[in-house]
Amino acid sequence: MTHPITFDKKNITPTDTTPKTISGSQAVLEAMIAENVDTIFGYPGGAIMPIYDALYDYNDRLKHVLVRHEQGATHAAQGYARVSGKTGVVFATSGPGATNLITGLADAMIDSTPMVCITGQVFAHLLGTDAFQETDVINITTPVTKWNYQVTDANEIPSVLAKAFYIANSGRPGPVLIDITKNAQVQQFNYTGYQSCTHIRSYRPKPIIRKEYIQEAADLINAAERPFVIFGQGVILGKAEQEFKDFIEKGGLPAAWTILGLSALATDHELNVGMLGMHGNYGPNVLTNQCDVLIAVGMRFDDRVTGRLDKYAKQAKVVHLDIDPAEIDKNVKTTVAVWGDCKETLPLLTAALQEKQHSAWLNLFKEHQQEEEEIVIHNELHPTTEELSMGEVINVLNELTYGDAIIVTDVGQHQMVTCRYAKFKQSKSNVTSGGLGTMGFALPAAIGAKFGAPNRTVISVIGDGGFQMTIQELGTIMQTKLNVKILILNNRFLGMVRQWQELFNEKRYSFVDIESPDFVMVAKGYGISGKSIEQRSELRDALAEMLNHDGPYLLEVFTGKENNVFPMVPQGCSVSEIRLK
């Protein structure tokens with residue numbers, strides 16, 4: 001999206017229009033209240049100090065969570081947004097405060113997470129002078145935001161923030177950054193109320209649904225003998241879980257998920273055939289290249305899902321449902337494109353479907369699943385070695401949580417194992433860094449998830465490497481007394497990189513052997529209870545103690561040092577070349 005977007009004042013919803021004089025900082029906070037924001041993640045500093053001073057008087061209406069690093073604020077806002085369905089909000093100062101947001105912005109951009117970041121900036125007359133803590137945050141963040149804008153006059157604040165929230169949470173969601181100079185924060189102006197935005201000229205968040213394409217797609221699916229549905233986070237973002245379930249059930253369509261689509265459909269649903277991609281299940285990968293119609297719903301054909309594009313589903317006709325026209329034909333050539341919000345397009349497509357049962361085709365998935373069970377899954381969930389496996393830890397966790405917990409994963413082997421084996425009954429239960437693959441994501445994202453869903457159990461599953469990237473956020477948990485459960489699967493390696501070095505670099509382990517502190521003692525320093533185990537006989541009781549503990553808890557489980565995650569599609573290979581061992 002380009003920056004020069006005009007604001008159509010005919011399409012606004014006014015709030016209180018009684019004129020009064022307030023500061024720009026107060027206008028920022030009034031916007032937050034009008035947008036039903038209840039939680040802000042942030043870190044104060046000189047250039048945003050006027051907003052924080054105003055926040056002092058809004059403590060009864062706005063909850064502010066003091067993180068320990070601005071990157072932590074962005075990941076917390078992501079976790080909050082992903083489980084609540086609302087827009088995450090971040091406050092940060094200029095210079096290093098603003099640049100520390102970049103990783104989280106990039107993560108939110110590629111994973112389509114709605115977020116509004118407010119950064120302070122130096123006085124307008126100092127812009128371009130290399131003033132203390134001045135950084136050109138607009139040009140720096142342009143590639144990793146859906147929209148950004150710099151405010152130098154307080155009169156702009158209400159309308160700009162209205163646009164920011166509308167853009168962040170409409171269409172394909174994403175992060176927005178608003179940079180506000182210090183003079184605009186302190187400036188007094190005549191405030192006539194907040195007007196929420198419902199339309200921006202030249203911005204079309206939802207493409208027009210073309211019903212002729214709906215019928216063309218239905219005709220392809222109705223005629224298919226081996227139809228296969230692959231679904232992503234678009235189902236969750238569109239709040240279309242029920243519509244999706246109705247769609248696959250009417251057509252008798254086997255369906256597999258990307259890691260961001262996980263939990264949109266209950267993992268035990270009879271048509272849920274598993275996980276796609278590099279470490280996905282055997283059947284969904286192999287049979288992608290045997291289906292005759294491939295139906296993609298709210299996913300973008302990421303390279304980790306497709307493997308070699310020149311060998312991906314070449315035999316199939318492709319139906320692609322997506323809200324973002326830019327994703328159509330970007331990676332995989334589409335036979336029929338169904339543009340639009342899947343909340344709206346799926347019921348139309350379902351109405352045009354014939355009721356069918358593709359029993360023989362579905363049995364092929366089950367046969368491949370059985371093969372994977374015998375070669376991989378049984379040994380991972382029920383190992384006979386002395387060392388604990390990551391899979392058996394997740395398996396016992398499933399038995400204790402009954403699929404009702406929110407599980408937040410970091411990035412690495414533990415992420416792939418957890419996504420493969422975690423069980424979920426309800427949507428918005430899986431939170432992970434998908435497209436960017438950000439180590440350090442899980443701990444702050446779990447904090448945000450707990451604020452977004454305070455009545456649900458939130459478990460952060462982290463590797464020993466990723467945990468140390470944002471370990472300082474234990475301080476945020478300490479100060480908020482947040483009941484977050486931290487499960488560290490410690491294999492004393494940067495495990496995913498080590499696996500690649502073992503398989504493709506002749507075990508030339510180059511700087512992946514990582515030493516870690518006593519995590520339990522570190523947690524104790526933050527007032528957080530914990531335990532470390534390495535024996536199978538201790539596992540179930542230790543997990544139960546973690547879950548039943550009143551308050552935050554850290555459990556470190558030592559797992560096998562050189563265990564690998566299989567199946568695996570080697571880089572540069574077709575999905576049908578997936579290896580079981």
Side-chain angles (χ1 to χ4, degrees), residues 7 11-18 20 22 24-42 51-52 54-67 73-92 108 112-119 146-147 149 151 156-178 180 191-200 203 205-206 236-239 341 343 406 427-428 431 445 447-456 458 480 482:
F7 181 54
N11 292 277
I12 53 180
T13 303
T15 56
D16 180 18
T17 57
T18 305
K20 57 183 175 181
I22 65 172
S25 296
Q26 290 173 300
V28 170
L29 303 178
E30 290 293 334
M32 299 296 135
I33 291 168
E35 292 288 351
N36 296 314
V37 172
D38 53 36
T39 306
I40 298 164
F41 304 93
I51 289 177
Y52 271 87
L55 187 58
Y56 187 88
D57 295 321
Y58 284 75
N59 267 337
D60 58 333
R61 287 169 286 175
L62 292 169
K63 181 187 300 176
H64 180 276
V65 179
L66 178 64
V67 295
T74 56
H75 295 327
Q78 287 176 273
Y80 173 90
R82 295 269 285 274
V83 304
S84 69
K86 299 173 68 175
T87 301
V89 177
V90 173
F91 284 177
S112 304
T113 304
M115 184 163 67
V116 171
C117 295
I118 309 293
T119 52
K146 192 177 175 185
W147 182 59
Y149 189 85
V151 174
E156 289 187 291
I157 289 174
S159 62
V160 167
L161 287 181
K163 283 196 288 185
F165 277 94
Y166 176 59
I167 291 169
N169 206 31
S170 59
R172 180 179 181 173
V176 170
L177 182 138
I178 306 300
I180 307 177
Y191 177 73
T192 58
Y194 185 80
Q195 301 170 324
S196 61
C197 179
T198 59
H199 174 76
I200 299 172
Y203 172 55
K206 292 183 182 181
I236 298 172
L237 294 173
K239 300 178 176 62
D341 186 338
K343 180 83 171 175
I406 292 171
S427 186
K428 298 186 179 71
V431 180
I447 292 170
K450 188 63 179 178
F451 276 108
N455 296 323
R456 295 189 65 190
V458 175
T480 58
L482 206 60

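Position 1 is the first residue of the sequence, and the numbers go up from there. Computed from heavy atoms alone, side chains included, the values below leave out hydrogens, waters and symmetry copies.
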**Student:** Among Leu177, Val176, Leu161, find the residue that satisfies the side-chain contact (heavy atoms from CB on, under 4.5 Å) test when tested with Ile118.
**Tutor:** Leu161
**Student:** Output the distance between atom OG (Ser112) and atom CZ (Arg82), rounded to the nearest 0.5 Å.
**Tutor:** 9.5 Å
**Student:** Where is the tightest heavy-atom contact between Ala73 and Val90, given as atom of each residue plus distance?
**Tutor:** O-CG2, 3.5 Å
**Student:** Ser196 versus Tyr166: any side-chain heavy-atom pair under 4.5 Å?
**Tutor:** no
**Student:** Shortest non-hydrogen contact from Phe41 to Gly448?
**Tutor:** CZ-CA, 3.9 Å
**Student:** Would you call Asp38 and Lys63 a salt bridge, taking side-chain N to carboxylate O under 4.0 Å as the test?
**Tutor:** no
**Student:** Taking all non-hydrogen atoms of both residues, which atom of Val160 and which atom of Trp147 are closest, and how far apart?
**Tutor:** O-CZ3, 3.9 Å
**Student:** Does His199 reach the side chain of Cys197, with side-chain heavy atoms less than 4.5 Å apart?
**Tutor:** no
**Student:** Any luck finding a side-chain donor-acceptor pair between Tyr58 and His64 under 3.5 Å?
**Tutor:** no
**Student:** Enter the distance from Lys450:NZ to Arg456:CZ here, rounded to the nearest 0.5 Å.
**Tutor:** 10.0 Å
**Student:** For a quick test of reading the model, state the closest non-hydrogen atom pair linking Gly452 to Ser84 and the distance between them.
**Tutor:** O-CB, 3.8 Å
**Student:** Compare all side-chain heavy atoms of Ile40 with those of Val65 and state whether any distance is below 4.5 angstrom.
**Tutor:** no
**Student:** Is it the case that the side chains of Tyr52 and Ser25 hold a donor-acceptor pair, with the cut-off being a distance below 3.5 Å and no angle test?
**Tutor:** no
**Student:** Identify the heavy atoms of Pro173 and Leu237 that sit nearest to each other, and give their distance.
**Tutor:** CD-CD1, 4.0 Å
**Student:** Do Tyr149 and Ile167 have side chains that approach each other closer than 4.5 Å (heavy atoms only, starting at C-beta)?
**Tutor:** no
**Student:** So, taking the atom named CD1 in Ile178 and the one named NZ in Lys163, what distance separates them when rounded to the nearest 0.5 Å?
**Tutor:** 8.5 Å
**Student:** What distance separates Ile447 CD1 from Tyr80 OH, expressed to the nearest 0.5 Å?
**Tutor:** 15.0 Å
**Student:** With rounding to the nearest 0.5 angstrom, report the CD to CZ distance, Glu30 to Arg61.
**Tutor:** 6.0 Å
**Student:** Nearest 0.5 Å, what's the CD1-CG distance between Ile51 and Leu29?
**Tutor:** 7.0 Å
**Student:** Please check if the side chain of Lys343 supplies one atom and the backbone of Lys239 the other of a donor-acceptor pair under 3.5 Å.
**Tutor:** yes
**Student:** Do Val89 and Met32 make a side-chain contact, defined as non-hydrogen atoms from C-beta onward lying under 4.5 Å apart?
**Tutor:** yes
**Student:** Does a side chain donor of either Glu35 or Tyr194 reach within less than 3.5 Å of an acceptor in the other side chain?
**Tutor:** yes
**Student:** Identify the heavy atoms of Gln195 and Ala162 that sit nearest to each other, and give their distance.
**Tutor:** O-CB, 3.2 Å
**Student:** Using the rule given for side chain to side chain donor-acceptor pair (under 3.5 Å), can you reason through Ser170 versus Tyr203, listing the C-alpha separation, both sets of side-chain angles and the distance that settles it, and then say yes or no?
**Tutor:** CA-CA 10 Å; Ser170 59; Tyr203 172 55; 2.7 Å; yes
**Student:** Between Ile406 and Val431, is any pair of side-chain heavy atoms under 4.5 Å apart?
**Tutor:** yes
**Student:** Does some side-chain heavy atom of Cys117 sit less than 4.5 Å from a side-chain heavy atom of Phe91?
**Tutor:** no
